[in-house]
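Just so you know, ligand 1 is whichever comes first in the structure, and atom 1 is the first atom listed for that ligand. Along the sequence shown, the residues carry numbers beginning at 1.
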Amino acid sequence: MTDLEQTLAGLTVPVVGAPMAGAAGGALAAAITAGGGLGLIGVGNVATVEQVRTEGAIAAATGHRIGFGLMCWSLPQNPELLDAALEFDPVVVSLSFGDPRPYLAKVRDTGAAVIAQVGTRAEALDALEAGVDGLVVRGSEGGGHGRGVVSTLPLLQQVLDLTDKPVLVGGGVATARGLAAVLAAGASAGWVGTPFAACAESLFRPELKEAVIAADTDQTVYTRAFDIAQRFDWPQIYGGRALANEFSDEWAERTDALEEAVTDEMTATIKQARVDADLSMAPVYAGESAGLVDRARTAAQVLEDFTPFREHLRAAQRWLD
Ligand SMILES: Cc1cc2nc3c(=O)[nH]c(=O)nc-3n(C[C@H](O)[C@H](O)[C@H](O)COP(=O)(O)O)c2cc1C
């Protein structure tokens, strides 16, 4: 067994808490590990070394092992973010949204396993060729940034046929039924974002958590509009799934026009809307599974609510008789 296989086999609940910039800090990551899963701290494109150290220290103080998730496309602008994360001896490091090759050896030298989120079959093949220890299939239903082209189940079926390495799966895995489905297909664990973003230990402001809880499965939108408006230079292939709001209603379908229309004032307005939690303008990153989150919970309760997955797997065994 590889270290990653051993780590995943040791989980009480086969759920990995997705790294979520602005939501998954040290408290959430540690709470997920404490509850029997494995939590990852999200390090975004505007993160600072100080923030990484602060969140890492919060998790370290609990004594629970955690991982980190970083964004390859933005790491060249701030490579110290990875060094700061590695100071905390993570079990696993997710290197997503770009080429992980430049960072693989450095992470491996610390003993951490490397995983990468993939959104297409071609991305999966590329990550395997790069030599990652495991893959995260991330379907277009998922919250936050990622590819918006293939949904979770078709991608999972394709990728499971490509490799014997552990495959985690995210994008809409939010209940015991969803977890049972992907485990029965052959996934090693769920990769869960949105339900944890709305939980008590998340860094999301209370208004954002309430909005995720209130939203239904059909109230999200996949778009680059929020990034264009904030002048974030995300590679064009990555949009983000967020709760639909007035801003996305106006611009999500017209991103070419938005590239032309964006002004310093608009950028400032969106950034201020985030500070003020003005949800008509600010992005609230969440996936379709927002519709499966219907009450305020702690991370431990989210994990507990996943545990009937075993009953669903048992029920499916009737097909073996
Ligand atoms: C609020 C939020 C922030 C996210 N930030 C990151 C991030 O910083 N790094 C990353 O690799 N993925 C990020 N993601 C994507 C998650 O890793 C994951 O793919 C997704 O949440 C899984 O789908 P789900 O939201 O349906 O559970 C984010 C997702 C959300 C909801």
Residues in side-chain contact (heavy atoms from CB on, under 4.5 Å) contact with Thr33, at least two apart in sequence or another chain: Leu38, His64, Ile66
Pair Arg224 + Glu259, salt bridge at N-O below 4.0 Å: yes
Pairs involving residues 204-223, ordered by first then second residue, that meet side-chain hydrogen bond (donor to acceptor under 3.5 Å, both in side chains) (sequence neighbours left out): Thr220-Arg241
Other ILVMFWY residues reachable from Ile213 by side-chain steps of under 4.5 Å: Val293
Passing candidate, side-chain contact (heavy atoms from CB on, under 4.5 Å) with Pro100, options Leu75, Val132, Leu70: Val132
Close residues, ligand 1: non-hydrogen atom nearer than 4.0 Å: Ala18, Pro19, Met20, Ala21, Met71, Phe97, Gln117, Arg138, Gly142, Gly143, Gly144, Gly171, Gly172, Trp191, Val192, Gly193, Thr194, Phe204, Tyr285, Ser289
Non-hydrogen side-chain atoms of Leu183 and Pro14 separated by less than 4.5 Å: yes
